[in-house]
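A short worksheet on the structure shown next.
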Number of protein chains: 2
Amino acid sequence: MKNSSMKMRPENTELREALSEAGLRYTAQREAVYDYLCSVYTHPTAEEVYHAVRQRIPRISLATVYKCLEALVACGKATKITSSSGPTRYDPRTDRHIHMHDVRTGEVRDLHVPPEFPIHEQLQAQLENLVRQSGFRITDVRIELMGYFDGPGHGSSSAS
Amino acid sequence: MKNSSMKMRPENTELREALSEAGLRYTAQREAVYDYLCSVYTHPTAEEVYHAVRQRIPRISLATVYKCLEALVACGKATKITSSSGPTRYDPRTDRHIHMHDVRTGEVRDLHVPPEFPIHEQLQAQLENLVRQSGFRITDVRIELMGYFDGPGHGSSSAS
DNA sequence: ATCGATGCAAAGCGTTTGCAGGGGT
DNA sequence: ACCCCTGCAAACGCTTTGCATCGAT
C-alpha cells in the first residue's frame, strides 16, 4: 500500500525454511502474500490480501490467496483471527499476544505488551488447576479485547 | 435431549421481559429455542438447536431458529461463540466467563470459576493502561482456552 | 386491528474444491 | 521428471432475505 520495496526480513529464508519443513513449496504467490501480511499492522482479510497482492502478481486468483494463507498457517507463519461478524483475518504473528477488536469497524490490532509482563503465562498458571478438574488440557490461551479505537484519526466524526 | 419437561427458570418471565424491553415479541419458537439453549451444557450450533427444538415445534424452520437466536442475542439473553473452524455456537450466559474449546471436536464448554476469583476484572485492570496508550476503550474482555478434553469418555485412545 | 414473527424457498457471502496446465524441487 | 501449486469456475456450508401468511399485543 505505502511503497513497493517492502522487505520485512533480511531475506525470506525463514519463510522458505518453514514451508520446506512442512513439506510445502516456496512460490512467488506465497512469498507475496506473506510479505504483504507482514507489511501491514492491520490484520487483513483474504479479500484485502488479494487486492493488495494483485499489484505484485496481477494474475493471482482469490482461491490461490486462500490456499497461500492456509499454507502459511500450516507451516506456522500465520494464524487466523475470527470474530462474531465479518470474514476471517490473518496475522503473521504466531506467538501469544492480545488483539484489540474494534466492534464498530471490525478492525483488529495487536496490543503491545512489555515482555516483562507475561500475561498469558500468568493467566494459564492461574487456570491450570481449574481446567484440570474439568478434564481439560490447555494448548493455547487467547485473550481478545472488544471495544473501539477513539484516538485522533480513528473515529467516524472528527469535527463537531 | 434428556427428558421432555425441561423448565430452566421458575418461569420464562425473565425472557418475556427481556424480549419486551427490546421491542420484541414473546413467541413459542423463541421460548423453545431459549429453553433448549439453557437445558444443555454444550453450546449448540443453530443446526443442533433446530433438530432439538423440532421435537417440541415440528414445523419450525431453520431460518426461524436463526432469527430466534438473533433475537435472543439482541435482547441480551444469549451470546455467540465463534471459532476458527465450524459454525457459530450459542451460549445462554451473557456474563463474562471462560470457554474451553476442544480443538479436535469443536465442542465448547464453560469453565467454572469461583466467584471470589474475578479473573476478567483483574485482567482488564492490568490492561487498561496499556490499551489507553493505543487509543482503545475496552468494552469486553474475552478469554478462550484451546485444548482438548481427555477425561474418561472423551479421548480417542485410553489404553497404551 | 396492527405490525411483527413465522415458514418456505431462494439468494447471499465467504470459503473450498476439481481439474488442466504451469512451475518448483 | 516428478508432483505440487496455480488459476479458473463451479460447488459448498452456513447464514440471511423476500414474501405471503400467521399470531402476539
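Worth knowing before you read on, the calculation uses all heavy atoms, side chains too, and leaves out hydrogens, waters and symmetry mates. A note on names: the letters A, B, ... follow the listed sequences, proteins ahead of strands, and every chain is numbered from 1.
- Atom pair A/I60:CD1 and D/dG7:C1' shows a separation of 10 Å (rounding to whole Å applied).
- Taking atom OH of residue B/Y50 and atom C1' of nucleotide C/dT6, one finds them 13 Å apart after rounding to whole Å.
- Look at B/R59 and you'll find a side-chain N or O under 4.0 angstrom from OP1 or OP2 of C/dC8.
- In this structure, A/R137 forms no cation-pi arrangement with B/F149, as its terminal cationic atom is not both closer than 6.0 Å to the ring centre and no more than 45° off the ring axis.
- With D/dT6, D/dT17, C/dT25 as the choices, the nucleotide that has an atom nearest any side-chain atom of A/Y26 turns out to be C/dT25.
- The distance between atom CD of A/Q29 and atom C1' of C/dG22, rounded to the nearest whole Å, is 10 Å.
- Distance B/L62 CG to C/dA9 P: 13 Å, rounded to the nearest Å.
- Both A/E47 and B/V65 lie near DNA chain C, and the one whose nearest nucleotide falls closer to the 5' end is B/V65.
- For A/T27, the listed nucleotide lying nearest its side chain is C/dG24; candidates were C/dG24, C/dA5, C/dT15.
- Between A/Y90 atom OH and C/dG14 atom P there is a gap of 12 Å when expressed in whole angstrom units.
- Evaluation of atom-type donor-acceptor distances gives no pair under 3.5 Å for the side chain of A/R25 against the base of D/dC5.
- With A/E70 as the partner, the salt bridge (charged side-chain N to carboxylate O under 4.0 Å, His left out) test is satisfied by one option alone out of A/K80, A/R30, A/K77: A/K80.
- Taking only side-chain atoms of A/A63, from C-beta outward, the nucleotide of D/dT15, D/dC8, C/dT6 with the closest atom is D/dC8.
- The only option from B/R93, B/R96, B/R89 that meets the salt bridge (charged side-chain N to carboxylate O under 4.0 Å, His left out) definition with B/D110 turns out to be B/R93.
- Between the CG atom of B/L72 and the P atom of C/dA5 there is a distance of 12 Å, given to the nearest Å.
- For D/dG7, the base has a donor-acceptor partner in the side chain of A/K67 [N/O atoms by modelled type, under 3.5 angstrom].
- With D/dC3, D/dT16, C/dT16 as the choices, the nucleotide that has an atom nearest any side-chain atom of B/K80 turns out to be D/dT16.
- At least one side-chain heavy atom of B/Y26 sits under 4.5 Å from a side-chain heavy atom of B/N12.
- For A/R30, a side-chain nitrogen or oxygen approaches OP1 or OP2 of D/dC5 to under 4.0 Å.
- Ranking C/dT15, D/dC14, C/dA5 by closeness to the B/L24 side chain, first place goes to C/dA5.
- Atom-to-atom, CG of B/L15 to P of D/dA24 comes out at 14 Å; the value is rounded to the nearest Å.
- Looking only at distances, a side-chain donor or acceptor of B/H97 sits under 3.5 Å from a matching main-chain atom of B/D95.
- If you measure from atom CG of A/L69 to atom C1' of C/dT16, you get 13 Å, rounded to the nearest angstrom.
- Close to C/dC8, at under 4.0 Å from its OP1 or OP2, lies no side-chain N or O of B/S61.
- Put simply, A/T88 has a side-chain N or O that comes within less than 4.0 Å of OP1 or OP2 on C/dT15.
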